Engineer: 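Attaching a single structure in structure tokens format; questions to follow.
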Amino acid sequence: MTDIAVTLADKRGTLSSDDKLGFGKIFTDHMFVMDYVTGKGWHNPRIVPYGNIDISPAAMVLHYGQAIFEGMKAFRTEDNRVVMYRPLDHLKRFNNSADILSIPLMDLDLVHEGLRKLIEIDKRWVPQSLGTSLYIRPFVISVDPYVGVKVADQYTMYIILSPVGAYYASGFKPVKIKVEEHYVRAVKGGLGEAKTPANYAASLKASEEAKKEGFTQVLWLDAIEQKYIEEVGTMNIFFKIDDEIITPALNGSILNGITRRSVIEVAKDWGMKVTERRISIDEVFEAHERGHLQEVFGSGTAAVISPVGELSWKGKRIIVNNNQTGETSQKLFDCITGIQQGRVADKFGWVEEVTKL
Ligand SMILES: *Cc1c(COP(=O)(O)O)cnc(C)c1O
């Protein structure tokens, strides 16, 4: 296997206390980097001190947005091991995003080894308190200095690490969601299934308007009929109706969430009925009118589970489960975070030990 060269930082940063971490603002001492050039392939994998990067103002990513990213987490368990959650599933999705954006596929064994080595070197940055974690952000950018539209010939892949605080420092708080009826996020045949910056750029205007109206996020409907439910800004979405868990089926425009998969597998394991299918917003509002809508929650790496307390669509507002966290939402959160942090047995084999402290 290719050797991963390591250059250690002369100066090391200082950790702030766990309650001051926030999300995505603090970065560790080192990063993983690897280059690609057409003809040569991916090469020169290395770990170097974290710092600003030097790219041409003409770098293609800045003009045409050919880029992808991932988001995953590592945790410190109570018995002082550092573990990653479903890293291979995340890396497979990374390559799937690469394929969608015409970015050359990476050797995932090499990326996996680089990631393990990076975490080993920066392990003192993995925070300890309940709910905290080390957020892992792999990404690829196209860097040819060329102002013209084409598939790039030069790329750089990075992995940076960020210790993050507890998402729910003061307990669950169900969020208010606006069902978007004007803007759309992604369309079948487009980029919706890729983790790529363009999807976020496309979502900003709608989420800004929703925030001004007092909502936390928007719920996207399909881009053609604006009728079928897709997902929330950075989360997949679930409905509990008549004790059945329903989530929109993967259709090419929805992100294939790893937390979504975990929710489906855990709920099925508990013997619950879980269905992936098309579900319209009318159906959800009707179920509520009949008193059958029990819970709504989002799933994603950052929050794991996010209960939804209110949905607003075409001027109609519905309150879900009295604006309280539902029983299934709470149980799923406890189970998945328990597996991640080593408090619940990992019967699915989702946790990978990286190192000990
Ligand atoms: C990352 C992401 C999700 C959640 O995926 P996880 O793998 O569960 O973190 C959902 N929707 C979008 C648009 C995303 O980018």
Side-chain angles (χ1 to χ4, degrees), residues 23-24 65 67-75 84-98 100-101 115 133-140 159 162 164 167 175 177 179-180 183-188 190-207 210 216-223 228-239 245 247-267 274 276 296-308 329 332-333 335-337 339-340 348 350-352:
F23 193 93
I68 53 166
F69 66 94
E70 258 308 317
M72 56 205 260
K73 280 177 173 176
F75 301 87
M84 287 193 277
Y85 187 65
R86 305 190 75 165
L88 296 175
D89 292 317
H90 281 277
L91 293 180
K92 271 184 215 151
R93 187 175 66 189
F94 196 33
N95 254 353
N96 186 54
S97 298
I100 295 171
L101 271 290
L115 173 58
S133 59
L134 185 71
Y135 187 76
I136 301 166
R137 169 52 59 89
F139 63 104
V140 178
I159 305 175
S162 174
V164 298
Y167 203 88
V175 293
I177 299 273
V179 182
E180 181 56 53
Y183 301 105
V184 298
R185 185 191 93 100
V187 66
K188 199 161 167 258
L191 300 177
E193 211 181 73
K195 252 182 139 61
T196 182
N199 286 330
Y200 286 87
S203 75
L204 295 176
K205 186 124 181 134
S207 65
T216 316
Q217 288 209 22
V218 304
L219 174 63
W220 299 104
L221 300 178
D222 79 276
Y228 297 101
I229 292 164
E230 298 250 310
E231 60 177 311
V232 190
T234 57
M235 292 188 291
N236 295 108
I237 187 97
F238 288 83
F239 302 90
I245 307 282
T247 193
L250 300 176
N251 61 357
S253 59
I254 299 174
L255 207 277
N256 184 354
I258 308 295
T259 320
R260 175 185 181 277
R261 253 183 260 173
S262 300
V263 166
I264 292 170
E265 288 165 69
V266 166
V274 183
E276 298 173 64
V296 180
F297 58 91
S299 74
T301 293
V304 184
I305 298 292
S306 177
V308 175
S329 309
L332 283 163
F333 179 81
C335 175
I336 296 171
T337 55
I339 292 173
Q340 290 173 331
F348 302 97
W350 288 337
V351 165
E352 176 187 308

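Start at 1 and go down the list; that is how both ligands and their atoms are numbered. These numbers come from a predicted model, not from an experiment. Computed from heavy atoms alone, side chains included, the values below leave out hydrogens, waters and symmetry copies.
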Engineer: Considering only heavy atoms of Arg93, which atoms of ligand 1 have at least one such atom less than 4.0 Å away?
Structural biologist: 5 (O), 6 (P), 7 (O)
Engineer: Salt bridge or not between Glu276 and Arg260? Use side-chain N to carboxylate O under 4.0 Å.
Structural biologist: yes
Engineer: Just going by heavy-atom distances, which of Glu230, Met72, Arg185, Arg260 is nearest to atom 13 (C) of ligand 1?
Structural biologist: Arg185
Engineer: Below 6.0 angstrom between ring centroids: does that apply to Phe75 and Tyr85?
Structural biologist: no
Engineer: Quick one: are Ile100 and Ile68 in side-chain contact, heavy atoms under 4.5 Å?
Structural biologist: no
Engineer: May I ask you to test the His90-Thr301 pair for a side-chain heavy-atom distance under 4.5 Å?
Structural biologist: yes
Engineer: Is the distance between the ring centroids of Tyr200 and Phe69 less than 6.0 Å?
Structural biologist: yes
Engineer: At what distance is the nearest protein heavy atom to atom 5 (O) of ligand 1, and which residue and atom is it?
Structural biologist: Gly257 CA, 3.4 Å
Engineer: Going by the order shown, which atoms of ligand 1 are within less than 4.0 Å of some heavy atom of Gly233?
Structural biologist: 13 (C)
Engineer: Spell out, as yes or no, whether a donor-acceptor pair under 3.5 Å connects the side chain of Asn236 to the backbone of Thr259.
Structural biologist: no
Engineer: Enumerate the atoms of ligand 1 whose separation from the nearest heavy atom of Met235 is less than 4.0 angstrom.
Structural biologist: 10 (C), 11 (N)
Engineer: Do me a favour and list the nearest non-hydrogen protein atom to atom 15 (O) of ligand 1 with residue, atom name and distance?
Structural biologist: Tyr200 OH, 2.3 Å
Engineer: Write out the residue and atom name of the closest protein heavy atom to atom 1 (C) of ligand 1, then the distance separating them to 0.1 Å.
Structural biologist: Lys195 NZ, 1.4 Å
Engineer: For atom 12 (C) of ligand 1, find the nearest protein heavy atom and state the residue, atom name and distance (0.1 Å precision).
Structural biologist: Glu231 OE1, 3.3 Å
Engineer: Has Ser299 got a side-chain atom pairing as donor or acceptor with Val304's backbone, closer than 3.5 angstrom?
Structural biologist: no
Engineer: For atom 9 (O) of ligand 1, which protein heavy atom lies nearest, and how many Å away is it?
Structural biologist: Thr301 OG1, 2.6 Å
Engineer: Taking both backbone and side-chain atoms of Gly71, is any N or O found less than 3.5 Å from an N or O belonging to ligand 1?
Structural biologist: no
Engineer: Please work out, at 4.0 Å between heavy atoms, whether the side chain, the backbone, both, or neither of Thr234 comes within that distance of ligand 1.
Structural biologist: backbone
Engineer: Pick one of side chain, backbone, both or neither for how Thr259 approaches ligand 1, counting any non-hydrogen atom pair under 4.0 Å.
Structural biologist: both
Engineer: Check whether Ser306 reaches the backbone of Gly298 with its side chain - one donor and one acceptor, N or O, closer than 3.5 Å.
Structural biologist: no
